[in-house]
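Have a look at the structure below before the remarks.
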Amino acid sequence: MDAHVAQLQMQYRNYILSLYQQGFLDDQFTELKSLQDDGSPDFVAEVLSLFFDDCVKLVGNMARALDQIGTVDFCQVGANVHQLKGSSSSVGAKRVKGLCINFKELCEAKNYEGCVRCLQQVDIEYKTLKAKLQDMFNLEKQIVQAGGIVPQVDIN
Amino acid sequence: MTVEQDFEAVDQFPVGMRVLAVDDDQTCLRILETLLHRCQYHVTTTDSAQTALELLRENKNKFDLVISDVDMPDMDGFKLLELVGLEMDLPVIMLSAHSDPKYVMKGVKHGACDYLLKPVRIEELKNIWQHVVRKSKFKKMKSIVINDDHSQGNSDQNGVKANRKRKDQFEEVEEEDEERGNENDDPTAQKKPRVLWTRELHNKFLAAVDHLGVEKAQPKKILELMNVDKLTRENVASHLQKFRSALKKITNEANQQANMAAIDSHFMQMSALKGLGGFHNQRQIPLGSGQFHGGAATMRHYPLGRLNSFGGVFPHVSSSLPRNHNDGGYVLQGMPIPPLDDLNNKAFPSFTSQQSSLMVAPNNQLVLQGHQQSSYPSLNPGLSPHFEINKRLDDWSNALLSTNIPQSGVHSKPDALEWNHFCNSDAAQAGFIDPLQMKQQPANNLGPMTDAQLLRSSNPIEGLFVGQQKLENGSMPSNAGSLDDIVNSMTPKEQSQAELFEGDLGFGWHNSSLRTCI
């Protein structure tokens with residue numbers, strides 16, 4: 001077996017494990033991965049791409065809503081948070097989901113400062129995740145290009 | 001699989017089961033689609049509830065099951081759920097990131113077969129086919145039973161009802177089902193005699209509801225408590241429904257009204273005392289306070305009888321006013337409460353004589369002579385429940401009956417002018433008091449009855465008060481106005497009415513009723 005491929009595969013495994021360990025991903029991500037098969041080889045990439053599009057849209061909505069200083073519609077913000085919570089939990093974006101839970105409470109409390117801060121955190125978080133997953137996909141590509149198979153990483 | 005045995009028509013079921021998935025979140029929709037594919041279902045997706053409805057309406061036989069998200073921008077998922085259940089009678093599964101039980105309950109109430117939380121797991125989706133089986137089984141069963149008596153057209157509806165009956169534990173839906181079921185299922189097609197909700201009957205109903213609590217009361221239990229022959233659960237159920245919606249309406253109206261500060265604070269005190277029974281022995285409650293604030297407005301909407309109920313609530317009344325009426329020491333100075341008899345008729349019979357003494361014009365004129373209602377038992381601890389009942393009753397009966405009552409010519413116009421006029425002059429007060437008294441007298445012991453009073457209290461003497469309603473309504477505005485004015489001048493308390501109203505107060509309705517006046 002190509003040592004290079006093996007090395008890449010090892011790198012890949014460790015990377016994925018670290019993502020889980022650092023709380024970026026959770027079981028739902030594993031589920032997603034398990035749904036990927038020969039019939040839908042890019043399933044995970046597709047879903048994640050949709051997810052990040054959603055993030056951009058929702059964060060934009062929330063930023064706009066919070067911009068209306070004095071007349072912030074917290075219900076509107078809350079609705080967006082709710083949606084983000086739903087999609088983040090569906091893809092396994094653990095940290096983003098966790099932030100959404102806090103965010104929701106802040107919306108309910110109509111805590112403007114808190115909401116603004118939380119939104120910033122959400123923004124940072126999803127972008128970080130996006131970058132990390134991008135790296136992961138790149139690794140997968142390299143493995144495939146080197147002639148190897150992307151390994152199934154057993155989280156447990 | 002046993003399912004396959006039942007479904008001879010579809011050999012491979014649940015493989016190939018046709019699912020319509022609705023979710024505005026594209027990420028979730030995509031995942032759901034894939035999960036469903038993995039379960040070997042046939043999947044159609046849409047991100048719009050409207051589109052989903054169109055697809056379903058186009059051909060209701062095109063799908064076996066609908067899965068829908070709850071929070072969608074173009075249409076509430078629950079609404080979609082209802083429509084699908086009604087129009088197409090397909091099993092609908094709700095999907096949401098809300099784990100709050102109240103959403104789950106809402107889903108069940110609206111007829112959802114199941115409620116799944118996001119993120120959805122494939123294991124959960126693997127079992128959803130059971131809902132299709134269940135539903136169609138019910139349809140089959142119902143159609144067999146119903147076919148004898150009804151046309152085929154009813155069977156689906158009955159199937160839905162049967163389904164809903166099983167799934168919905170809550171009385172609201174039960175009531176609806178029962179009512180609909182009642183209409184459709186009666187095999188003999190015999191029209192049941194319409195139940196006339198007399199005062200007596202309604203009193204029993206109120207007592208039962210109060211005992212159980214308005215929120216928790218269920219038709220079945222109410223029926224048991226009422227213990228009335230030939231009254232069916234359906235009768236009670238529909239009555240309860242009307243009662244509740246009237247209450248709701250009143251609540252909403254009340255919430256929109258002006259600040260009933262004084263009343264609120266007053267009632268805050270009152271509410272602290274559980275049970276009216278405690279009231280009469282205890283503290284002085286400055287009646288002048290907000291109770292009547294905005295009473296004018298309230299009066300317009302709700303019979304003065306409500307105010308009378310207030311009387312029953314005021315401890316000072318009982319303490320300062322011994323059974324003999326027309327006593328001078330009234331806290332309620334200048335609070336003309338015209339239909340004191342109403343109080344009598346209310347749940348606070350013991351206040352009768354006291355109530356009359358409540359009617360004190362600003363210059364200590366007695367607004368009303370006490371009306372001895374001999375039939376009234378002495379004050380008892382059970383007053384609190386009655387009070388609440390009365391309150392609700394008032395609200396409800398107002399909502400139900402007031403429209404029927406032609407205004408009397410005297411004070412038929414609850415316009416600001418009139419009551420302002422009254423408020424501003426003692427003479428006017430005396431003046432308007434008079435008609436009240438006059439009105440009361442002919443009314444016998446019952447006096448002018450407000451709509452609410454009509455239906456209120458347990459006084460069997462009260463017969464048909466339709467005629468009296470007129471008086472009540474007619475006189476109310478003026479009374480309200482002056483009362484309001486008096487109250488305003490009497491007490492400065494400020495507290496948000498909303499607090500009181502929303503609290504668990506028997507007096508809450510007063511606030512609301514008063515509020516609406518303003």
Side-chain angles (χ1 to χ4, degrees), chain A residues 25-58 61 75-94 96-101 103-105 107-108 126 129-130 133, chain B residues 15 19 21-43 45-49 67-79 93-104 106-107 115-127:
Chain A
L25 300 172
D26 63 21
D27 287 342
Q28 191 58 26
F29 187 78
T30 321
E31 292 275 329
L32 271 192
K33 273 256 160 129
S34 70
L35 287 175
Q36 181 161 292
D37 57 12
D38 292 338
S40 47
D42 299 315
F43 175 66
V44 179
E46 267 178 51
V47 173
L48 286 170
S49 149
L50 288 172
F51 170 65
F52 289 121
D53 284 347
D54 270 352
C55 284
V56 172
K57 182 183 85 181
L58 294 171
N61 288 348
C75 285
Q76 176 69 16
V77 182
N80 281 292
V81 173
H82 178 71
Q83 183 149 353
L84 185 61
K85 180 185 168 205
S87 43
S88 60
S89 64
S90 299
V91 300
K94 190 172 177 183
V96 179
K97 180 181 95 173
L99 280 174
C100 287
I101 294 174
F103 205 159
K104 235 182 170 183
E105 286 170 18
C107 286
E108 276 159 27
Y126 91 77
L129 180 65
K130 186 172 180 184
L133 290 175
Chain B
V15 171
V19 181
V22 191
D23 193 339
D24 66 316
D25 182 336
Q26 55 179 349
T27 313
C28 297
L29 192 61
R30 182 79 175 83
I31 296 174
L32 185 61
E33 185 186 8
T34 310
L35 287 172
L36 290 168
H37 272 137
R38 203 44 74 85
C39 298
Q40 294 183 290
Y41 302 142
H42 182 272
V43 188
T45 60
T46 172
D47 62 357
S48 144
I67 297 187
S68 167
D69 184 34
V70 167
D71 313 284
M72 291 189 287
D74 65 336
M75 186 190 297
D76 182 11
F78 294 115
K79 181 91 200 218
I93 294 177
M94 301 309 294
L95 202 57
S96 178
H98 282 299
S99 56
D100 194 340
K102 72 170 187 236
Y103 283 88
V104 181
K106 202 175 173 189
Y115 189 104
L116 303 178
L117 293 179
K118 289 184 182 176
V120 183
R121 295 189 320 274
I122 196 164
E123 293 82 16
E124 292 172 320
L125 293 176
K126 281 189 172 152
N127 286 327

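All chains are named by letter (A, B, ...) in the order of the sequence lines, taking the proteins before the strands, and each is independently numbered beginning at 1. None of the values given here were measured: they were computed from a predicted structure.
- Results of the side-chain contact (heavy atoms from CB on, under 4.5 Å) test with I67(B) over V120(B), V43(B), L36(B) single out L36(B) as the only residue that passes.
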Donor and acceptor N/O pairs, chain B versus chain A, under 3.5 angstrom:
unit_1, atom_1, unit_2, atom_2, d
D25(B), OD2, S87(A), OG, 3.3
Q26(B), NE2, D54(A), OD1, 3.2
T27(B), OG1, F51(A), N, 3.4
T27(B), OG1, D54(A), OD2, 2.7
R30(B), NE, E46(A), OE1, 2.8
R30(B), NH2, E46(A), OE1, 2.4
R38(B), NH1, S34(A), O, 3.3
R38(B), NH2, L35(A), O, 2.2
R38(B), NH2, D37(A), OD2, 3.0
D71(B), OD2, H82(A), NE2, 2.5
H98(B), NE2, H82(A), NE2, 3.4

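- Applying the ring-ring contact (aromatic ring centres under 6.0 Å, His included) test to F43(A) and every residue at least two apart in sequence or in another chain returns nothing.
- You'll find the side chain of L116(B) reaches within 4.5 Å of the side chain of L125(B), heavy atoms only.
- A heavy-atom distance below 4.5 Å is found between the side chains of F52(A) and L133(A).
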Check step by step if side chain to side chain contact (heavy atoms under 4.5 Å, CB included) holds for L129(A) and L25(A). CA-CA 9 Å; L129(A) 180 65; L25(A) 300 172; 4.1 Å; yes
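- If you measure heavy-atom distances from L32(A) to chain B, the contacts under 4.5 Å come from the side chain alone.
- Residues A21(B) and L29(B) share a closest heavy-atom pair of O-CD1, 3.8 Å.
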